[in-house]
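Below is one structure, written out as structure tokens; comments come after it.
Note that the structure is a prediction, hence the values are computed from the model and not measured.
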Amino acid sequence: MEVNDYMKLPYTRLVQEMNDESGHYFFGRVLELDGCQSTGDTLEELYECLNEAIEGYLEVKLENNMPIPLPECVEDYSGKFNVRLPKSLHQRLAIEAKNEGVSLNQLVLYKLAL
């Protein structure tokens, strides 16, 4: 495959709106391509910059005959996984969920999504 072929694949892009000491901007990264990230002052600029970052990432990998990860498919995931945690943490989360009036599952989902 060539760069253009990879560019057409549905890689997972994570975009965050940022407000920090640098000001207001957008940060994006490609989850499957370790270290492939960029920023932009607008969403449009971020999209362009992220595409350039992906293209550069792919070119370097291809030039050096390095493996390129393929996009992850959401259908490959059930939406369930088991987590073992200390009893004290389980207790704290259960109490917090009760105080918030939500299920433990909803509380954990909310915390993971942050």
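- Closest non-hydrogen pair, Ser38 versus Ala53, comes out as CB-CB, 4.4 Å.
- Between the CG atom in Leu33 and the NZ atom in Lys61 there is a gap of 8.5 Å [rounded to 0.5 Å].
- Atom CD of residue Gln37 and atom CD1 of residue Ile54 lie 12.0 Å apart, to the nearest 0.5 angstrom.
- In this structure, OG in Ser88 is found 9.5 Å from CG in Leu93, a value given to the nearest 0.5 Å.
- Counting non-hydrogen atoms of neighbouring residues, nucleotides and ligands closer than 6.0 angstrom, the CG atom of Asn64 exceeds 12 such neighbours.
- Residues Leu70 and Tyr6 meet the side-chain proximity criterion, which asks for heavy atoms closer than 4.5 Å.
- Shown here is Asp76, whose CG atom has more than 12 heavy atoms of other residues, nucleotides or ligands within 6.0 Å.
- Applying side chain to side chain contact (heavy atoms under 4.5 Å, CB included) to Glu96 and the options Val108, Val102, Leu104, Leu107 leaves one that passes, Leu107.
- Looking only at distances, no side-chain donor or acceptor of Glu72 sits under 3.5 Å from a matching main-chain atom of Thr12.
- Nearest heavy atom pair, residue Pro10 against residue Pro71, reads O-CB, 3.3 Å.
- Criterion: ILVMFWY side-chain heavy atoms under 4.5 Å apart, direct or through other members. Under it, Val74 and Phe81 are not part of a common hydrophobic cluster.
- Residue Leu50 comes nearest to Gly28 through the heavy atom pair CD1-O, 3.7 Å, listed as atom of the first residue, atom of the second, then distance.
- Tested against Glu44 for a side chain to side chain contact (heavy atoms under 4.5 Å, CB included), the candidates Thr42, Asp41, Leu46 yield a single pass: Thr42.
- For Val30 against Arg13, the heavy-atom pair with the smallest separation is CG2-CG, 4.4 Å.
- Atom CG of Leu62 sits about 8.5 Å away from atom CE of Met1, to the nearest 0.5 Å.
- In the hydrophobic clustering, Met66 connects to no other residue, as no ILVMFWY side-chain heavy atoms lie under 4.5 Å from its own.
- For CD of Glu17, the number of neighbouring non-hydrogen atoms (other residues, nucleotides, ligands) closer than 6.0 Å is greater than 12.
- Using modelled atom types, no side-chain atom of Glu55 and backbone atom of Val3 make a donor-acceptor pair closer than 3.5 Å.
- When all heavy atoms are compared, the tightest approach of Glu45 to Gly40 is OE2-CA, 3.5 Å.
- Judged as a ring pair (Phe, Tyr, Trp, His ring centres under 6.0 Å), the pairs with a partner in residues 13-56 (not counting sequence neighbours) are, in order, His24-Phe26.
- Under a 3.5 Å cut-off, the side chain of Asn51 and the backbone N or O of Glu48 do not form any donor-acceptor pair.
- From Arg29, atom CZ reaches atom CG of Asp34 across 9.5 Å, with rounding to the nearest 0.5 Å.
- Put simply, the side chain of Tyr57 never gets that close to the backbone of Ile68: no donor and acceptor are under 3.5 Å apart.
- A continuous path of ILVMFWY side-chain contacts below 4.5 Å connects Tyr11 to Met7, so both sit in one hydrophobic cluster.
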Side chain to side chain contact (heavy atoms under 4.5 Å, CB included), that's the test. Do Asp5 and Glu2 meet it? Break it down for me.
CA-CA 5 Å; Asp5 299 318; Glu2 296 183 16; 3.7 Å; yes
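- Leu112 and Leu89 end up in the same hydrophobic cluster when Ile, Leu, Val, Met, Phe, Trp and Tyr side chains are linked at under 4.5 Å.
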